[in-house]
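Encoded as structure tokens, the structure appears first; notes follow it.
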Amino acid sequence: MVDGVMLLVDAAEGPLPQTRYVLAKALEAKLKPIVVINKIDRPDARPQEVLNEIYDLFIDLDADENATGFSRALCGSQRWHGDLDPAIPAPTATAL
């Protein structure tokens with residue numbers, strides 16, 4: 001069993017149909033989401049707009065207040081940007 005779900009969303013593409021499906025299943029199972037906006041170092045990244053789209057998706061899926069207070073983090077290929085939420089520490093693994 002799991003306690004939560006990590007929802008990974010591309011900073012340029014935003015939520016895709018499969019994102020909606022997976023999030024709907026996670027909310028149905030009452031799992032606490034952590035949203036990770038990935039690839040924020042791309043030139044076409046739009047992390048704030050994507051975050052707004054994610055909030056809209058939660059609202060469209062009738063998520064309760066507990067779910068919409070999700071933890072969130074930003075990350076790119078070279079650097080972790082988890083400082084949006086102090087509950088998510090930076091990874092400690094070194095590059096291969």
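Treat the numbers as computed from the prediction; the structure is a model and nothing was measured.
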- Message: For the CD1 atom of Ile37 and the CD1 atom of Ile54, what is their distance to the nearest 0.5 Å?
- Response: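 Going from the CD1 atom of Ile37 to the CD1 atom of Ile54 covers 4.5 Å.
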- Got a sec, which pairs hit ring pair (Phe, Tyr, Trp, His ring centres under 6.0 Å) with one end in residues 23-69, sequence neighbours left out?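 Counting only pairs at least two positions apart or across chains, the ring pair (Phe, Tyr, Trp, His ring centres under 6.0 Å) contacts touching residues 23-69 are Tyr55-Phe70, Phe58-Phe70.
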- Item | Partner residues of Glu49 under the side-chain hydrogen bond (donor to acceptor under 3.5 Å, both in side chains) criterion, sequence neighbours left out |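 Per chain and number, Glu49 pairs via side-chain hydrogen bond (donor to acceptor under 3.5 Å, both in side chains) with no residue.
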- Non-neighbouring partners of Asn52 that pass side-chain hydrogen bond (donor to acceptor under 3.5 Å, both in side chains), sequence neighbours left out: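 Here the qualifying residues are Gln48.
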- Query: Asp64: what forms a side chain to side chain contact (heavy atoms under 4.5 Å, CB included) with it, not counting sequence neighbours?
  - Reply: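 Per chain and number, Asp64 pairs via side chain to side chain contact (heavy atoms under 4.5 Å, CB included) with Asn66, Ala67.
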Under 3.5 Å donor-acceptor pairs involving side-chain atoms of residues 8-33, not counting sequence neighbours:
{"unit_1": "Asp10", "atom_1": "OD1", "unit_2": "Ala12", "atom_2": "N", "d": "2.7"}
{"unit_1": "Asp10", "atom_1": "OD1", "unit_2": "Glu13", "atom_2": "N", "d": "3.0"}
{"unit_1": "Asp10", "atom_1": "OD2", "unit_2": "Lys39", "atom_2": "NZ", "d": "3.3"}
{"unit_1": "Asp10", "atom_1": "OD2", "unit_2": "Arg42", "atom_2": "NH1", "d": "3.3"}
{"unit_1": "Thr19", "atom_1": "OG1", "unit_2": "Leu16", "atom_2": "N", "d": "3.1"}
{"unit_1": "Thr19", "atom_1": "OG1", "unit_2": "Leu16", "atom_2": "O", "d": "3.4"}

